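Since the structure comes first, as structure tokens, the remarks are kept for the end.
Letters go in sequence order (proteins before strands), and every chain restarts at 1. Quick caveat, the model's predicted, so the values are computed rather than measured.
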Amino acid sequence: MSMKTPYSNIRKLIEIQKNISYKALGSLRPPGYAPRLVVGLDAAYSRIYGGVAVAVIIDYVSGSLLDYSVAIGEPRLEYIPGLLAFREAPLFYTALQGLRHEYDLLVIDGHGISHPRKAGIATHIGLALGKPSIGVAKKKLYGNEVYIKKLGECNVHPCTIGYVADPETGEKLAYMVLPNKRSRAPIYISPGANIDLETALKTVTSMLKGTRLPLPTYHADKISKHIARLLDRGVLKPNQLKGGLGRLDHFMPRI
DNA sequence: GCGACAG
DNA sequence: ATCTTGTCGC
């Protein structure tokens, strides 16, 4: 079980996010190059060992899964809406270090700037690593949903059905996309850092292969859940994992 | 006080 | 996220 965090510390984490978003918002421009290798990040949870973070590498052109890395460990923080990055990013960072390839882009399960302080987990990670990052979330966290299309008008998928607007300024923070024929609910695509909203949309929709999630996140999701199951069944031991045990000393500020 | 609330 | 049985649809 993760530690409970006092309200005083929560305020400090919120201040850190304001600092992060200040820098990240100035980085939201087109990368200027097409991605070659793309990382997908997702986490599942094992009852025994805690978080199971998986980083995968996908070849953007072929869609091939080239590599993956795992990090496990008990998160230091409980889940608090808006503060997900402080819970999961340390594990993601560890998983990333086990990767054998360099990469151009990160696709992360969760939000980017479509966040109360414009500092979702994709923003934290993209800014810290100095790479383009995109958040792909399955549920809205913040903002007003604006529909630019009726659901019935979406014949060809993926279909951009609307966007999420900043309640203060009306600025577009994320696009809502129906990834395939089956899904009733959209996915939310927002830039994390070092990329703009339009490029984020194009890039992610081009990696939708009939699945609800884009290929990188799709694979990371499947692998992390699978490993969490094996761990809880005792079929797999933490020391057998590629990427090893998670060191949680990164991304967590001293509070 | 009430509703919202990534994973 | 995870816990869980049945159930709707291709």
Item to check | side-chain hydrogen bond (donor to acceptor under 3.5 Å, both in side chains) between A:Ser206 and A:Tyr60, intermediate numbers included | outcome: CA-CA 9 Å; A:Ser206 73; A:Tyr60 181 73; 2.6 Å; yes
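Residue contacts shown for A:Gly82 include a base, since a base heavy atom lies under 4.0 Å away. Counting any heavy atom pair closer than 4.0 Å across all strands shown, A:Leu83 reaches a base atom. If you check every strand for non-hydrogen atoms under 4.0 Å, A:Tyr79 touches a base. Nucleic acid contact for A:Lys225: sugar-phosphate only, since backbone atoms but no base atoms lie under 4.0 Å from a heavy atom of the residue.
Along DNA chain C, read 5' to 3', the first and last nucleotides having any atom under 4.0 Å from a heavy atom of chain A are C:dA1 to C:dT2.
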Checklist outcome for this item: DNA chain B in dot-bracket form (Watson-Crick or G-U pairs under 3.5 Å, [ ] crossing, | inter-strand) is .......
Checklist entry - Starting at the 5' end of DNA chain C, what dot-bracket string do you get if Watson-Crick and G-U pairs under 3.5 Å are bracketed, crossing pairs use [ ], other-strand pairs use | and unpaired bases use dots? => result ..........
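Listed by first and then second residue, the side chain to side chain donor-acceptor pair (under 3.5 Å) pairs involving residues 148-170 of chain A are A:Lys118-A:Asp166 (not counting sequence neighbours). Within the structure, no pair that satisfies the salt bridge (charged side-chain N to carboxylate O under 4.0 Å, His left out) test touches residues 19-43 of chain A, not counting sequence neighbours.
Rounded to an integer number of Å, the gap from A:Leu173 CG to B:dA6 P is 16 Å.
Of all the residues in residues 134-150 of chain A, A:Ala137, A:Lys138, A:Lys139, A:Lys140, A:Leu141 reach under 4.0 Å from DNA chain B with at least one non-hydrogen atom.
At distances below 3.5 Å, at least one donor-acceptor pair connects side-chain atoms of A:Asn194 with backbone N or O atoms of A:Lys131.
More than 12 non-hydrogen atoms from other residues, nucleotides or ligands lie less than 6.0 angstrom from OH of A:Tyr103.
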